[in-house]
S.K.: 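Below you'll find the structure I mean.
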Amino acid sequence: MNRRLLRQALPFISLAVVLIATFIVQPRTMSYFGLNLMLQYAVPIALATIAQMFIITVNDLDLSIGPFVGLVSCIGATLLLDNPALGIGALAVLIAAYGAVGALVHLRNLPSIVVTLGLSFVWLGIAVLILPSPGGKAPVWLKAIMSVQIPVVPFPIVAAVVIGVVVHLALMMSSYGVIARGAGGNPKALTRAGWSMLRTKIIMYMLAGFFGVLSGLSLLGLTTAGDAHVADRYTLYSIAGVILGGGEFIGGRVSPMGAVVGALTLALAGSFLIFLKISPDWQIGAQGAILIIVLALRALVTYGEQKR
Amino acid sequence: MNQSFAYLKKQPWVWSFAAALAVWLITIAYTEGQGATAILTAALSFATFTIIVGLGQMMVITTGPGNVDLSIPATITLSGVVAMKVMDEQTAMIIPGIVAALGAATLVGIFNYGLIRLLRIPPIIATLSSSFLILSTAISYGRGIRIKPPLPLSDFATARIFGVPLSAILVLVISIGLAVVLKRTVYGRSVLAVGQNMRAAWLAGMNVDRTRFATYVLSAFFSGICGIVLSGFSGGAALNMGEEFLLASIATVVIGGTSVAGGRANVPGIWGAALFMYLLVTMLNTFGASAGVRLILTGLMIIGVIVAAGGEEQR
Amino acid sequence: DTKDKKIALSNNYAGNSWRQAMLKSWDKVTKPAVEAGIVAAADPFTTSENQVTEQAAQIQNLILQGYNAIVINAASPDALNGVVKQACDAGIVVVSFDGIVTEPCAWRIAVDFKAMGASEVEYLAKKMPEGGNLLEIRGLAGVFVDDEISKGINETVAKYPQFKIVGSVHGDWAQEVAQKAVAGILPSLPEVKAVVTQGGDGYGAAQAFAAAGRPTPLIIMGNRQDELQWWKEQKDANKYETMSVSIAPGVSTLAFWVAQMILDGKEVPKDLTVPFLRIDQDNLEASLATTEKGGVANVEYTAEDAAKVVAGK
Amino acid sequence: MSSDSIRLDGVEKSFGAVRALAGVDLHVAAGECLGLVGHNGAGKSTLMHVLSGNLTPSAGELSVGGAKITGNWTAAAAQASGIRCVFQELSLCPNLSVAENVRIVHRSLKGLGWKKRASDLIRAKLDEIFPGHGISPEDEIADLAIGKRQMAEIARAFTVTDGPLRLVILDEPTSSLDAVTAEQLLAYVKTETARGTSVILISHLLGEILSTSDRIVVMKDGKTVAERKARDFSRNSLVAAMGSEAHERRQATAKILGTDVPVLVKARPKTGGSTALEARKGEVIGLTGLAGHGQTRMLLQIYSRDHADVKGAISFIAGDRQSDGIFNLWSIGRNITIRSLKALRKGGLIDLAAEEKLAEDWKTRMAIRTPDVNNNILTLSGGNQQKALFARALGSDAAIILMDDPMRGVDIGTKQEVYAMIRAQADEGRTFIWYTTEIDELSHCDRAYVFRNGEITASLGHDDLTEEKVLQASFAETAA
Ligand SMILES: Nc1ncnc2c1ncn2[C@@H]1O[C@H](COP(=O)(O)OP(=O)(O)OP(=O)(O)O)[C@@H](O)[C@H]1O
Ligand SMILES: Nc1ncnc2c1ncn2[C@@H]1O[C@H](COP(=O)(O)OP(=O)(O)OP(=O)(O)O)[C@@H](O)[C@H]1O
Ligand SMILES: [Mg+2]
Ligand SMILES: [Mg+2]
C-alpha cells in the first residue's frame, strides 16, 4: 500500500479506533444525542487547531492562541452583547493585531515562540481587565447557533466537516494556498519568484486570528458566559491537534482535514478515558498515555517508510 | 571603547541584562532607593531555579527546531515529592533522598527520549504526554501530603555567603561548566551541530542518537536538582510547584539569545533573562498595578526585549 | 430509597493538597455508603488542569453514562451553565459546592467568600486597633474565588481607615509562587503589620519575611498543616497570635449527602451555606492534633450532619 | 546595440570587506547563449543574483530590452520582464508537488483548473527537454533525488504562460545531472536560443561551455577579464584566461596491487544484485551509472556499516552540501574541524589553538578563498564551501573516504588540485570510494562499478572507463 496515502489516512484511522473503542465501552454514545453531546466541545478546539495550523504552515508557532480564545469569549460576553457594532469592531481590531504581529515577526525576523508567549500575557491581561472574574452573557444568537439541531447528523459533525473542507479547498487546492504552503517549504524560493513574504505572513496570521475569533465565539455559545481562563489549554491542544492530524512543525507540511480530525480525536480520547473510570490519581496520566498510543501508530507507519 | 561597544551590541545576551538592569533601576527609582540590594538578593535566589531548568531547556532547544522539553514542571514536582518522601524529615536520609530524586528524574529523561526516538513522537508532544504520566506518578506516590525538608537541606537552600545565595553560586558553577562543555567538548559541539543539521552531523561522524539522548537526560537531571533545592527552599514539595517553570524556562532561554531554530546556545543570556523576568514582576508589583495591567505590561516587555535584541540573522 | 442511584463527582483540578484532601474525603465517606447499599455508585472524576472546557466535556460524558446525580466543584461559576442545563434537562440532579455554578436548576453549597475575606480584617481590627500597613496575597487572577475574597478584604479595609493595603501580589494559591512574589515586593515596602491571605500561602509568606530579615508580621493562616505547625511553633516560642480561615475540603462529602437526600425525594433548598473553617488561638492545638501531618485541616460530614445543614441548623 | 536583450554596466557589490563584484559590464543579445566561467568565488552567482533582482548592487546600471531601469529592480520586476533563473542552490519548495512549484513562478496560473494547466505545462516542457525523465507533475519534490529536482527546476524555468520569456539563467545546471540528461539539456538550450530566448550558462565543465555557448565571458575576482566568441576559445586558452594552468593529465595506468593488500570494504547493495563492491587499501574506486540508481544509497550503506564489512574509520564528503554537508551557523574553521574533534582533545577538552591551526592548514592546502577562517561558512561561494568539506574529510584520521559526487560546483583549477591530492593520499594508503556523475572523472579511479536499479551491473577496470563503455553498461539489462 502507498505509504504516503497511509500516512494521510492515519489521522482518520486513529479517530475511527478511538470512536469504536468509545462505542464499545459506553454504547449509549452511539446515538444522535450521544455524539452531539460528546463532540460539542470539539468544535471550538477544531477551530483553534485550524488557527494554529495557519501559523505552523509558515514555520511559526502560536503560544497565545489559548488566551486569545479566552479574550474573544470575554469580549463576546460583554462588548458584543451590549453593543454589537463595538464588539465586532473590537474583534476586527484583534484580527488586525494578529496581522501586525505577523509583520513584526517577519520584519525583525523574530522567533515567533517568544513573541506569542509575550502576546499570551497581553491577551490574558486585556481579558482580565474586561472581565475581572468570569461572567457576562453570550448573545442569544450565538447560543442558538451552537445548539442548533440538524436532522440525522449531529451538528458538531457537520460543523467539523464544513470547517475541514472549506480550509482544505483554500489551503490545499487553491492557487494561493500553494503560495502559503510554499512560504513554509522554502521562503527563499518564494521571494526569488517575486512573492512578498511579508504579505504572506500577515495574511496567514490574520487567518489565524480570524479562526481564533470563531473558536472563541463558538466556545462562548456553548459555555454561555465569558471567562479569561476558559481556553488556556487550547494552546497545547491546538498544537497536538495539528501534529496528530499529520502536520509537521517545519516545512509547510500541514493537513486541514487532518487537523480537524486530530482535534476530534483529542476530544474523544478524553471522553473515552472518563468512561473507563480510572482512579483519579491516574486519570491525568491516562491522557498522556492515550496521546502516546495514538502517535505510536504514526511511528509504525513512518518506520515502514524508512525501510522502503 | 567604541569597538567594545560594537562588540557588546552584537552579543545576544547583552539585551537581557540591559533589560534586567533597566527594570531594576526603574523599581528603585520608584521606591527612592529603598531595598535596592534586597531586591537583587531576592532576585538572585529565585532566579537560580529558573536558571537551572533554563540551562537544561537551552540544551534541548539547541538540538534543533521542534525540540523542547515540556515535562520540566512535572519532573520538578516528581523529584521534589520523591526527595521529601524518602528523606521524611530525617537528616540521615538526605543523601538517599537526593539519589532517589535524581534517579527518578534521570528515568524521566530516558523515557522522554525513548518516546521521541523509538516511537518517533515529535518532542513537544512526547514531553507533554510524559508530563501527564509523571504528574500522575507524583500524585499517586506523594498523595498530596506536604512533608517538610530536613533542616540541613533547607539551611543549604536558603544559605547566603556575603548576601549572595549559596544556590546561586552553585548554579553559577554549573553554568560555567556548561559553557565550557558547549565550547570545548565533543558532546557540546555535537549538540550545536545536530541542532543545525541532523543529517549533516551524522555524516560528519557525530553520534546523533547519543547526543540527543544525553541532552534530554541532562534536562531532566537539572529539573531534578531544581525540584530538590526548591523543596528545601520553600519548605516542602507541592504538586503544583513546577507549574510556573513551563513558560519561564522557554522564555528565559529564548530571551537570553538562544536560537529557537537550534544550533546556537547562550549561557549568560539565561542569567540576564531570568533576572529580568523576576525583576519585571517585582517592578509591577511595586507599582501596585492591577492584575490585568500587570499581565499586559509583562507581555509587552517580553516582546520589547526580543524586538530590541533583534532576530536571527537573515540568511 | 436511593440504593440503585448513581452519583458522580466532577472535579476540575487535582494539583494541590486541598484538592487531594477533598478527593480523599470523598473516598472515605462514599465507599462505606456504597458498601452499605445507600447508593449504587459514587465515582470521582477529575481533569488535569483548572479548565472549563475539559470539565464541560467531562460532565457531558457523565450525562451519557447515566448518573442520577452529579456533584460538581466547578472551574467557573458561569461558563459551565450550558452543560449544567443540559444535565438538568436530562433529569439529573446537579449539586455544586466550593466552586458553585449560577445556573438556577442546580443546587449550590456556597461558602461566603466575601465574608471570609471580611472576617480577616475584622479580626485584625480587633487585634490591632491602632491599625497599620497590610500586605495582601491574592490567588489566581481572573478566577471567581480570588475576586470575591479580595473584594471582602478591600471593602472591609475601607471601613477601617487605620488600615492601609500597601502592597498586593498574586500568589496563585501556591506556596512557591507566594513566597517568590512576597520576596520580590518586600524590599520596597514600609513596615508591614499584617498579611491578609487566601489560605495555603501563609507559610510561604512567613518564609519570605524571614529571608528578608524582616520582623514577622501577623499573618492570617490557611488550613494546611505546615501553616498550623509553624503557627504553633511561633506561639510556643513567642506567644505569636493569629487566626486561620479556610474551607474544609470535606465539604465534598456534604455535597454527596445533599445529592443523596435530593435523590431520596427530600425537600432541599437550592441555596445552602456552609460555614468556613476557622481556627483560633485557643483551638489551634486541638485542630493540629486531628490534622494529618502534611495534610489539611478538615471536617467530614455524616448523613446526620448534612441533614442538620439542610435544616438550617 | 539594439539587439541587446539585457545589459549591465559597471555593476559593483560588496559583502563587508569582500568585494564580490568590482564593476562588471555584461550584455546578452536576444537569442544568444552566453557562457560564463570563472574560478570559485569569481562572482558569477552574485552577478546573477543582481540580474534577477535578488541582490541590490552597490553601483551600476541595468537595462532590459534597451530601456534603462530606473526604479527599484526587484525579483518581481525581473519576473515580469521575463527573466528566469535556475540558481546554483536549488529553489523549489520541497513540500509542494512539481506542478505546484510551477504555480509559484507563474502568477497567471490561478482560478479553476489551474492545477491541470500547471501539470500540462510542466509535463510538456519536461518531455521536450528530458525525454524519458520519469517525473510526474504530482510528485512531491522532497521525494525526488537531487538530479530529478534539478531537472524539474530547469524545465520550470523554460515554461511560458502569459508573460514573455526573455532570458534564462542557468547557474551550474548540470552539476547534479548525469551525462545523458546533461546532453539533453545542452541540446535543448540550442533549440531555445534558436527561438529567440537568451540563455546565460554558468558551468565549470568547460566542454559543455565550449560546445553550447555562442560567446564566452570569463570572470576573475569580481571582474570580467576576457570575452570572445566561443569558437575563438580552445580549452587551453579558456583555462588560461581563467588564470589556471591546464593539466590535461589522464592518469596512465591503474595501480597494481599485490594480493597481500587488505580489503577494507566489502559490501553488497541491499537493494539487490549478487555483485558486491570491494575496495582495498589505497584504491580509488568509482561508482557510476545514471544518476539515482542507488550509488548514494550504497555509500550510505557502507557509512552506516549496514550489511557491509568495513575495516577502518570512515569519512563522508557530501555532494548535496546544503542538506548533507555544511553547518550554516558555524565558521569555516569549525566546519572543517568537526570531523577531527576527538583527535584534537587534550585532557578531555578540545584544544582551541590546535583546532585553529588545523583549519588554517587546510584552508591553505585547499586554497579556500577567504580572508579569515573565522568567517561564517555561508560567506563562501558554492565551490569554496565544497572545498571546506574536502578539507574536513582529508584533514581527518579516516582510512576510508566516501565521496558522494563531491565535485559539484568546483572550478577546474581546484579540481585538478583535488584530483592530485586524492591520488597522493591513495598512494599513502587511503581508500576512496567515489560516486561521480562526470564520466571524465572516472579516469582518476583504479576501478569502477556501474549501478542500475540499485544493483551493480558491471565492474570496469581502469582501461575500460571510457564514456562509451560506461554508458553501454549503464543501459544494459542485468544478466541474471
Ligand atoms: N552573503 C554573502 N556574504 C559575504 N560574502 C559573500 C556572500 N555571498 C557571496 N560572497 C562572496 O562573494 C564572492 C563571489 O561569490 P559567488 O557566489 O558569486 O561566486 P561564484 O563565482 O558563483 O563561485 P562558484 O563557482 O563557487 O559558485 C565570494 O568571495 C563569496 O565568498
Ligand atoms: N538510508 C538512508 N537514509 C537516509 N536517506 C537515504 C538513505 N538511502 C537513500 N537515501 C536518500 O534517498 C535518495 C535516493 O537515493 P539513491 O541512492 O537511490 O539515489 P542516488 O543514486 O544517490 O541519486 P542522485 O545521484 O540523484 O543523488 C537520496 O537523496 C539519498 O540521500
Ligand atoms: Mg556560484
Ligand atoms: Mg546522490
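The structure displayed is predicted, hence computed values, not measured ones. Just so it is clear: chains get the letters A, B, ... in the order the sequence lines come, proteins before strands, and each one is counted from 1.
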S.K.: If you tally heavy-atom pairs under 4.5 Å against chain A, which of B/P65, B/S140, B/S131, B/P122 wins?
M.R.: B/S140
S.K.: Nearest heavy-atom pair of B/S136 and A/G285: which atoms, and what distance?
M.R.: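 Smallest heavy-atom distance, with atoms named: OG-N, 2.7 Å.
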S.K.: What's the shortest heavy-atom distance between A/P111 and B/V254, and which atoms?
M.R.: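 Shortest heavy-atom separation between A/P111 and B/V254 comes out as CG-CG1, 3.7 Å.
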S.K.: For B/L300, which atoms come within 4.5 Å of any heavy atom of chain A: side chain, backbone, both, or neither?
M.R.: both
S.K.: Quick one: closest heavy-atom pair of A/F121 and B/L295, and the distance?
M.R.: CB-O, 3.3 Å
S.K.: Return the option, out of A/V122, A/L63, A/V128, with the maximum number of heavy-atom pairs under 4.5 Å with chain B.
M.R.: A/V122
S.K.: How close do B/S290 and A/L129 get, counting heavy atoms only, and between which atoms?
M.R.: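 For B/S290 versus A/L129, the nearest heavy atoms are OG-CD2, 3.9 Å.
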S.K.: In terms of heavy-atom pairs under 4.5 Å with chain A, which of B/L115, B/V68, B/L70 leads?
M.R.: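 Going by pairs under 4.5 Å, I would pick B/L115.
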S.K.: Just wondering, more than 12 heavy atoms not from A/M197 lying within 6.0 Å of its CE?
M.R.: yes
S.K.: Considering the options B/I303, B/I250, B/I306, B/V307, which one meets the side chain to side chain contact (heavy atoms under 4.5 Å, CB included) requirement together with A/V114?
M.R.: B/I306
S.K.: Please identify, among B/A291, B/G66, B/G299, the residue contributing the most non-hydrogen atom pairs under 4.5 Å to chain A.
M.R.: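 The residue among B/A291, B/G66, B/G299 with the greatest pair count is B/G299.
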S.K.: Closest heavy-atom contact between A/L117 and B/A251?
M.R.: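 That would be CD2-CB, 3.3 Å.
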S.K.: For A/I290, which atoms come within 4.5 Å of any heavy atom of chain B: side chain, backbone, both, or neither?
M.R.: neither
S.K.: Less than 4.5 Å to any heavy atom of chain B: does that hold for the side chain of A/I126, its backbone, both, or neither?
M.R.: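 For A/I126, the contact with chain B is made by backbone and side chain together.
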S.K.: Atom CD1 in B/I121, atom CG in A/L291: separation rounded to 0.5 Å?
M.R.: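 Rounded to the nearest 0.5 Å, the CD1-CG separation comes to 8.0 Å.
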S.K.: If I measure from the heavy atoms of chain A, does B/V293 come under 4.5 Å with its side chain, its backbone, both, or neither?
M.R.: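 For B/V293, heavy atoms of backbone and side chain both lie under 4.5 Å from chain A.
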S.K.: Please tell me if the side chains of A/L61 and B/I124 come closer than 4.5 Å, counting only heavy atoms from C-beta onward.
M.R.: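 A side-chain contact exists here, since the closest heavy-atom pair is under 4.5 Å.
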S.K.: If you measure from CH2 on A/W282 to CG on B/L135, what distance do you get to the nearest 0.5 Å?
M.R.: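 Atom-to-atom, A/W282:CH2 and B/L135:CG are 10.0 Å apart.
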S.K.: Could you check if a side-chain atom of B/L133 sits within less than 4.5 angstrom of a side-chain atom of A/I292, using non-hydrogen atoms only?
M.R.: yes
S.K.: Which bit of A/I243 comes within less than 4.5 Å of chain B, counting heavy atoms only: side chain, backbone, both or neither?
M.R.: side chain
